[in-house]
Each structure stands twice: as structure tokens, then as C-alpha cells.
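Reminder, nothing fancy here: chain letters follow the sequence lines and each chain counts from 1. Worth knowing before you read on, the calculation uses all heavy atoms, side chains too, and leaves out hydrogens, waters and symmetry mates.
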Amino acid sequence: MPELPEVETTRRGVAPVLEGGRIAAVQVRERRLRWPLPPGFAAELEGSRILTVGRRGKYLLIGTDAGTLLLHLGMSGSLRIVTAAAAPGPHDHVDVLLRSGRCARFNDPRRFGSLHLVHGDPLAHPLLRALGPEPLTSAFDAAYLHARTRRRRVAVKQLLMNSAIVVGVGNIYASEALFHAGVAPGRAAGRLSHAATARIVAAVKRVLRAAIRSGGTTLRDYVNADGDPGYFRQKLYVYERAGEPCRRCGTPIRQRRQGQRSTYWCPTCQR
DNA sequence: AGTGCGGCCTGTCCGC
DNA sequence: TGCGGACAGGCCGCAC
């Protein structure tokens, strides 16, 4: 996905348009998302007022007086603000049309994204209930990460991508954060020193904040609410740089498969 | 309980 | 030019 910086960038872009708006209609062109949209999904939302646009991990939480719309962008999704009259293109699966004439348009080529309408406390929903802390809060600190890594044999990079440990960190930012922390991605989580976990926590926060400032990373599909790409790709140190010189020491960046995902690291800067 | 893997989709790229 | 296979930002659900 869209990892946390891309979702947060989207949230910031759509919130000023959606908050306070009244939903005139919801148009569903493709129900077969990660979880099929149930019949009546659109009708339940029509006529309701949007109150808030929040985020939990990589989920957008669009709070309305008819319930909370949970939106996940999956691997390839985006949520754009367009005018209601704008002609839909390929993979424009769902439109939320406002009485103002604006429209929030969900596009997702791979359809790994999802939408749920949740009644009651959205944080109690099964998809959100077991999520770990937000990385940009004080709940994610060295003591926490060190405690959660004990007796874990899994590689630290896979642990960082586990949303029960910390939310919002995907394949790009896990690799980038470990570079900045100076920790090799294959290190067993349970053997990390307290100092190493402290460096990892600081690096995760730093990388995510910097990526948000750049509007996220666009590899191919991701665009923000205005349809613009993110610019953090230029600031990546290791991701998708296999064979290219490390920007710090010049050693060629290495790549390998780890848990069926590509991992990138500098064998000199990361131990 | 922790770990590893299959599967969900479309699109692109690479080698033959 | 066509075709098969690998791969791509995620993550649930299952077997062990």
C-alpha cells in the first residue's frame, strides 16, 4: 500500500473536502474488492453527514452519522477528490458523491483494498482490534519494542512489518528505517540490544515523518487526493536500489527475498 | 503463540 | 509479436 505516509497524506487531502459534507449518493461500480461490498452498502450511507476523517494504521476512518467507513488502499489503491461530473476511468470502483458537487473516488487496479461500513466503535472492529501502537506516538518507544522482540526468532524486518507490533510500516519504510538504524534486516528480533531497538524506533519515526513531508512514495499507482504523486522516492537510501552505491559509503546495495518480500540493505552500514 | 505460506487481483517487464 | 513466469506498496486465514 500505500503505507502510513501515503494514507496520512491522503487523509490530509480529503479531510477538508469531506468533513461536514453531506453524502448525496454512493456509486459502486465494482463490488469485488478484498471483501465484497454487501448489498445495501451504498443505500446506508446516502443522506448521511461526514463528521471526521481519521486514520488508524493504514486504514482511513471516515466517520459519518450512519457509521464509520473503514477504507484500506491495499497495494494499489488511491482516494481522489474529483468533481461529480468527472467521467470514471478504469478501476474507479466506488464514488462517494457529496451534495457540494465534489466526489471522493476510490480507484484500485489490484482490488486488494477494502471498504467496510462499521456501526459502533470502529476500533473494536476485528480488523482494527488487534493492531499495535501508532508509530508516531509515545506508545511506540524503545522499551515497548525491546519487550515485544524478546524470544522472537523472526527477522527484525518482518517483525517491523507485523501490524500487531506496530502499524503503518510496510516493505519500503521497513527497509529504509533499518538502514537509518544501522541494523541488518535479517537480524533475529529477539537478539537486538536495547540500544538497537532504540535506534530502530527513532529511525521509524524519522523516516515516516520525512515521507509524510514529501507526500509519500510513489512507485507506480499511488497518488494523493489531488491526483499528484509523492516525492519521497528520491530520498530512498536502499529500497529498489539493488547494485547501486550506498548513498553513505558507496558499497553496492544488496537485495534478497525475505518472507516473500524484497528486502534491500547496505552490508557495510547495517550490521 | 509464533511462524510460514497460499491466496486474493491486475499490470508490467523480461527472457525465450 | 506472443507467451509464460516473476514480481509489485498488504495482509488475512490457515496449518503446523
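- A gap of 15 Å separates the P atoms of B/dG7 and C/dG5, to the nearest Å.
- Protein atom CD1 of A/Ile212 is 16 Å distant from nucleotide atom C1' of C/dG9, rounded to whole Å.
- Using a 4.0 Å heavy-atom cutoff across all strands shown, A/Arg233 reaches no nucleic acid atom at all.
- Rounded to an integer number of Å, the gap from CD of A/Glu240 to C1' of C/dC7 is 11 Å.
- Within the 4.5 Å cutoff, the side chain of A/Leu145 has heavy atoms near those of the A/Leu159 side chain.
- Residues A/Thr197 and A/Val156 are not in side-chain contact: their nearest non-hydrogen atoms beyond the backbone lie 4.5 Å or more apart.
- Non-hydrogen atoms lying under 4.0 Å from DNA chain B are contributed by A/Pro109, A/Arg110, A/Arg111, A/Phe112, all within residues 104-114 of chain A.
- When the C1' atom of C/dG5 is taken as reference, atom CD of A/Gln260 falls 16 Å away, rounded to whole Å.
- Heavy-atom distances to DNA chain B give each of A/Leu159 and A/Arg220 a nearest nucleotide, and the one nearer the 5′ end belongs to A/Leu159.
- A straight line from CZ of A/Arg257 to P of C/dA6 spans 11 Å, rounded to a whole angstrom.
- Other residues, nucleotides and ligands place no more than 12 heavy atoms under 6.0 Å from the CZ atom of A/Arg102.
- Ring-plane geometry between A/Tyr59 and A/His72 is classed as perpendicular, the angle between the planes exceeding 60 degrees on a 0 to 90 degree scale with a lower cut at 30.
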Dot-bracket for DNA chain C: what is it, with Watson-Crick or G-U pairs under 3.5 Å, [ ] where a pair crosses earlier ones, and | for a pair to another strand? .|||||||.|||||||
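- Atom CD in A/Glu3 sits roughly 12 Å away from atom C1' in C/dA8 (whole-Å rounding).
- A/His125 places its NE2 atom 15 Å from the P atom of C/dC11, with the value rounded to the nearest Å.
- Using a 4.5 Å heavy-atom threshold, the side chains of A/Ile212 and A/Arg12 count as touching.
- Taking atom P on both B/dG6 and C/dA6, the two are 13 Å apart, rounded to the nearest angstrom.
- Ring planes of A/His146 and A/His194: tilted class, angle from 30 to 60°.
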Show me the protein contacts with nucleotides 12-16 of chain C, counting only N or O atoms at under 3.5 Å.
unit_1	atom_1	unit_2	atom_2	d
C/dC12	O4'	A/Arg34	NH2	2.6

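- Using a 4.0 Å cut-off between charged nitrogen and carboxylate oxygen, A/Arg55 and A/Glu134 count as a salt-bridge pair.
- Side-chain contact between A/Leu219 and A/Arg233: present, with at least one pair of heavy atoms (C-beta onward) separated by less than 4.5 Å.
- Evaluation of the salt bridge (charged side-chain N to carboxylate O under 4.0 Å, His left out) test over residues 30-42 of chain A, restricted to residues two or more places apart or in two chains, returns A/Glu30-A/Arg32.
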Working for side chain to side chain contact (heavy atoms under 4.5 Å, CB included), residues A/Leu178 and A/Thr263: CA-CA 10 Å; A/Leu178 287 172; A/Thr263 292; over 6 Å; no
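- Using a 4.0 Å cutoff on non-hydrogen atoms, no part of residues 140-149 of chain A comes near DNA chain C.
- The environment of CZ in A/Arg191 is sparse: at most 12 heavy-atom neighbours from other residues, nucleotides or ligands sit within 6.0 Å.
- Considering only heavy atoms from C-beta on, A/Pro2 stays 4.5 Å or farther from A/Lys58 through its side chain.
- Using a 4.0 Å heavy-atom cutoff across all strands shown, A/Arg32 reaches no nucleic acid atom at all.
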Pair A/Tyr144-A/Arg148, side-chain hydrogen bond (donor to acceptor under 3.5 Å, both in side chains): steps then yes or no: CA-CA 6 Å; A/Tyr144 167 81; A/Arg148 293 298 304 267; 3.0 Å; yes
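- Side chains of A/Arg152 and A/Asn162 form a contact here, defined as non-hydrogen atoms less than 4.5 Å apart.
- Taking atom CG of A/Leu208 as the reference point, atom P of C/dG9 lies 16 Å away to the nearest angstrom.
- Here chain A contacts DNA chain B (any atom closer than 4.0 Å to a heavy atom, that is under 4.0 Å), and the contacts span B/dG2 to B/dT12 from 5' to 3'.
- Regarding A/Gln255, its CD atom lies at a distance of 12 Å from the C1' atom of C/dA6, rounded to whole Å.
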